[in-house]
Amino acid sequence: MDRTETFYRKLSLIRRFETHLLEQFSWGKLSGTTHTCIGQEANAVGLTAHMTGDDVVFSNHRCHGHYLALTDDVAGLLAELMGREQGVCHGWGGSQHLHRDGFYSNGIQGGIVANAVGAALAEKTKNSGAVTTVFLGDGTLGEGIVYEAMNLAALWALPVLFVIEHNGYAQSTPTAMQLAGEVAARPRAFGIETHCLASNDTDAVYAAATPLFDGLRSDGKPRCFVSFTYRLGPHSKGDDTRDPAEIEAKRADDPVLSYRRKLPEDVATRIDAANQQRLVEIVARLEQSAPAGSQHP
Amino acid sequence: MATMAQAVRMALHYGETHLGVTDVFGEDVGPPLGGVFTATQGLKTAWNSPLDERGIIGTAIGLALAGQRPVAEIQFGDYIFNTIDLLKLAGNTCWSSMGQYNLPMVVTTIVGAGIHGSIYHSHSFESMAAHIPGWKIVLPSRPIDAYGLMISALKDNNPTLYMYPKALIRVKGKDLIPGEPADERELKKMIDAPPGPTLYDIIDVRSRWEPRWPEGLTDYQVPIGKARIHREGADISVITYARHVFMAEKAAEILKAENGIDVEIIDLRTLYPWDRETVFNSVRKTGRCLVLNEDTPVCNFGEHIFRTIVDECFYELTAKPRVLAGADVPGVGLHPAYEEASIPQVNDIVRELRGICGEAP
């Protein structure tokens, strides 16, 4: 399968997965909370494509895309969200607390950024050559520990890639109401090489990240990637307070639909159908394996 | 009757119109959302901060030092942990300035399990909070107490940590708050922002919406430091607060029906300074007690109450008192079964009450 097909398979899978989740919540079949990445899939796919087996990822509350793009573990993630034994962490933590093979997520804003510094220090000490990527949002830039972590990563020359997925909103609050100055100026103030990209095209993300990963793997110093993107879905579920016209305008730049056009229609249709079939089978398997009474995992 | 969210909102409105409150702020506190649980919807003085808990508490301290009466919200109690150095500072400011600088600030946060929110939407904070001297700490279980304690907190010159239980935030009260319209549908029409016809219409509808506040709201106060007897009984006292007041009530009904045991329930309402007199009087009357809450068990706030009861009422006890708290686990799991296993349930309370009453004196 060529790269375009691989990328589209992942994009389409993430989108289907996230859409399925929101439906399940609206039908009352899932409980608790979740944060989908609908509209931000390009970063997940384009960046994880650079990662190798030893690399480490720290993600946040909006972590499903990152996790699926990296691990392809649909069944484990869905079961986790259902609080089931078959889940990534046996259903204890749910959506925001995934731990598996060097992938860690936590919903507390900012805290994970410093965790990534520690993980990168460990990899550097081991001389493993691994890159530690930490995903944060523009909202997280309100937290002071982000800058403490950037300082440490730069000071100790650690191979950390800070990825700022700038979707314009901190929960319901627009960025203009919560951030002063330029986003890219913040990592640069610590001497961290920073690249900005305003594109929802996975190929563009992949290309922009190539020199960053090359640099990280050669000199081991931290880098920052600022991606201007947009969240097409709600922050969590049922809590969208943005102007509907604004969201509608952004749909023209839907990363999944746009990327689909790069493929011949029959190929794209085949990939969509395969993803759909896979998701349906996993959902059915999980439903069948629900324990008697179904209130217990 | 008003829900707790509506009660808090009305009290804050009274505060911004009568008590000099000029800033109610925090993450998603201002329009259009008006708080994740809508407790700050429609307030004139509510505004959104960045996602910056230390900035929020730090700013509140500065405003209070300047003589204002800020209300700062931490969106979930689970997010307050990274502010603990500033909470310590707020607690000691009056003392370290030899009483020259008060901090008339209120920090609100929602605590406890009950919404299947998993690890970061289910934590309790009261035991941690009680370790930070200098704060008054309240945790109401009923909307009317939520209103009255908020008014007291807004008037108090000390920092007050105002917690409220997630599990009860949308539960309607049984008592009319002074000034609240008798028809709850009318109240809803007056002060609840309308949802849009679809999910994405909310901003359009709300940008044109303004609340109509009930005109007769008063400065009805529930004094900080005063517990209430939720249910009178002769045989055993349950010392509790928040959601477990109502869980204890269910357990009490079972014990009455099945064992003829008459349970008294004390709703502390204030955790610091807590109402020793009401607790001791109850325990002296019944001779037995269960201290009940959902926080983790090691250095649990209830252990302090337990120890004080043993110190003060030892010779009047007819059975060994017990503490029933949450499980000794680092988080509350996602699945309802995990949550139920982590938090004392009605059956657990019944079992403990029967156990205490079954002990020979």
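Not measured: the values here are computed from a predicted model. Just so it is clear: chains get the letters A, B, ... in the order the sequence lines come, proteins before strands, and each one is counted from 1.
- B:Q75 and A:Q171 are linked by a side-chain donor-acceptor pair at a separation below 3.5 angstrom, with hydrogens and angles left out of the test.
- Per-residue heavy-atom pair counts under 4.5 Å with chain A were compared for B:G333, B:P50, B:S49, and the maximum is reached by B:P50.
- Using a 4.5 Å heavy-atom threshold, the side chains of B:E53 and A:E143 count as touching.
- Within the 4.5 angstrom heavy-atom criterion, no atom of A:L179 approaches chain B.
- More than 12 heavy atoms of other shown residues, nucleotides or ligands fall within 6.0 angstrom of atom CE in B:M190.
- A:E80 touches chain B through its backbone: at least one of N, CA, C or O sits under 4.5 Å from a heavy atom, while the side chain does not.
- Of all non-hydrogen atoms in A:H90 and B:Y338, the two that sit nearest each other are O-OH, 3.0 Å.
- Of all the heavy atoms in B:S118 and A:G93, the pair that sits closest is OG-O, 2.6 Å.
- Nearest approach of A:S172 to B:L33, heavy atoms of both residues: OG-CB, 4.0 Å.
- Contact tally against chain B (heavy-atom pairs below 4.5 Å) for A:M177, A:Q109, A:Q178, A:H61: the top residue is A:Q178.
- Looking at B:N82, the atoms closer than 4.5 Å to chain A (heavy atoms on both sides) all sit in the side chain, from C-beta outward.
- When A:L81, A:L141, A:T140, A:N106 are compared by the number of non-hydrogen pairs under 4.5 Å with chain B, A:N106 comes out ahead.
- Per-residue counts of heavy-atom pairs under 4.5 Å with chain A were compared for B:L51, B:D52, B:L334; the largest is that of B:L51.
- Two residues are said to be in side-chain contact when any heavy atoms from C-beta on lie closer than 4.5 Å; B:H121 and A:T33 meet this criterion.
- Counting all heavy atoms, side chain and backbone alike, A:I145 lies closest to B:R54 at N-NH2, 3.7 Å.
- Heavy-atom neighbours of B:K44 NZ from other residues, nucleotides or ligands within 6.0 Å: above the threshold of 12.
- Between A:H97 and B:I119, the closest heavy-atom pair is NE2-CB, 3.6 Å.
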